[in-house]
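Notes follow the structure.
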2 protein chains.
Amino acid sequence: MSVRRTDQRAAIRRAVSAAQRPLSVQEIFEAAQAEVPGLGLATVYRNLKRLTEEGFLRTVQVPGEAGRYELAGLCHHHHFLCDVCGRMFDIPSCMGGLERMVPAGFLLRRHEVLLYGRCDGCAAQPEGACVGASGLLGSES
Amino acid sequence: MSVRRTDQRAAIRRAVSAAQRPLSVQEIFEAAQAEVPGLGLATVYRNLKRLTEEGFLRTVQVPGEAGRYELAGLCHHHHFLCDVCGRMFDIPSCMGGLERMVPAGFLLRRHEVLLYGRCDGCAAQPEGACVGASGLLGSES
DNA sequence: CGCAGCGTGATAGTCCATTCTCATCTAGCC
DNA sequence: GGCTAGATGAGAATGGACTATCACGCTGCG
């Protein structure tokens, strides 16, 4: 038979699909666990790996921390990482002209742009009063 | 007394200074070991940490891998990571207009641009014939 | 030169993210 | 309902990067 439908996998797919931004494994774990109590972390890793291999998900590597996951097949975009809450957001636009930055003889294949700062929620907060990192799904903007 | 001058530390400083690009710990280790045989990896870590705290070095975080080190105090620039040899190079220019990419309400503080592709040396090679990753210092361009 | 103490080398240990193991469970086909 | 292979959950195990430990060596001051 192979590839069975399970509540766990469905919850994981739903978690990533619902968020409009890349989620960390912890975020996915917590979101899916809210739907399927008792869900194990190993199952999350297993399914993330598999959904990625199947082309449903894509990993977003972050400098200095563990990768995050987003839906594969989204059109070209970049990300914004909030210094305060640690959540990552999608940035639809992209400036061109990167080829001009490349030295002669170098072959440019792809690029990553990561913006850092405060998300709208955290920028509005009175400094230390923001929601903690990775403890929730994107419930804003 | 404090802060003694040792051959080990001098070799480490020299390795990073000489390279015109960010070096991984391994690259620094190998380069410094060439000058000071018997050099230990712990010493490299110790000194990198310290040189960073002293403001001599800066770490360059790389998505999905360990950080690299470059001289602090260089003016704003970005990097190019070769898919083949794994070496990282400096890209002096930077396009502006990033503020325009940020959604309303978001506060932009800094940004990272990472270009991927082949460096001039590897782009010229007949595909698989390039020098291996991280096993050498920047001996080119 | 002599001494004090920082620096070093080798290795064990720590910290995390991720994977493996295995007994148990269950989706899907009969 | 019954069966079987794929899935799961819990915890152990792994791997990689980095740090701590500690005995010994070397710098730098007197």
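Model, not experiment: these values are computed from the prediction. In the text below, chain A, chain B and the rest are named by the order of the sequence lines, each starting its count at 1.
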Item to complete: To the nearest Å, give me how far apart CG (A:D7) and C1' (C:dG28) are.
Response: 14 Å
Discussion item. Tell me if a side-chain donor or acceptor on A:H78 pairs with a main-chain N or O of A:V113 at a distance below 3.5 Å.
Written reply: yes
Item to complete: Report the residue (B:T6 or B:Y45) whose heavy-atom-nearest nucleotide on DNA chain D is the more 5′ of the two.
Response: B:Y45
Fill in: Pair B:R5-B:D7, salt bridge (Lys or Arg N to Asp or Glu O under 4.0 Å): steps then yes or no
CA-CA 7 Å; B:R5 203 207 63 77; B:D7 291 344; 3.3 Å; yes
Practice prompt. Report yes or no: does B:Q33 contribute a side-chain atom to a donor-acceptor pair with the main-chain N or O of B:L39 at less than 3.5 Å?
Written response: yes
Item to complete: Name the closest nucleotide to the B:R4 side chain, picking from D:dA5, D:dT8, D:dC26.
Response: D:dC26
Fill in: Earlier contact from the 5' end, DNA chain D, for A:P37 and B:R5
A:P37
Discussion item. When you measure only distances, ignoring hydrogens and angles, does the side chain of B:R46 come within 3.5 Å of the base of C:dG9 through a donor and an acceptor?
Written reply: yes
Worksheet item: Quick one: does A:V25's side chain get under 4.5 Å of A:E27's, heavy atoms only?
Response: no
Worksheet entry | Closest listed nucleotide, where the reference is the side chain of A:K49 and the choices are D:dA7, C:dT19, C:dT8 | C:dT19
Worksheet item: Counting any heavy atom closer than 4.0 Å, what does B:A42 reach on the DNA or RNA strands: base, sugar-phosphate only, or nothing?
Response: base
Worksheet entry | Spacing of B:R9 atom CZ relative to C:dC6 atom P, expressed in whole Å | 13 Å
Discussion item. Does D:dC26 have its OP1 or OP2 closer than 4.0 Å to a side-chain nitrogen or oxygen of B:Q8?
Written reply: no
Item to complete: Name the nucleic acid region contacted by B:L41, choosing base, sugar-phosphate or nothing; use a 4.0 angstrom heavy-atom cut-off, strictly under.
Response: nothing
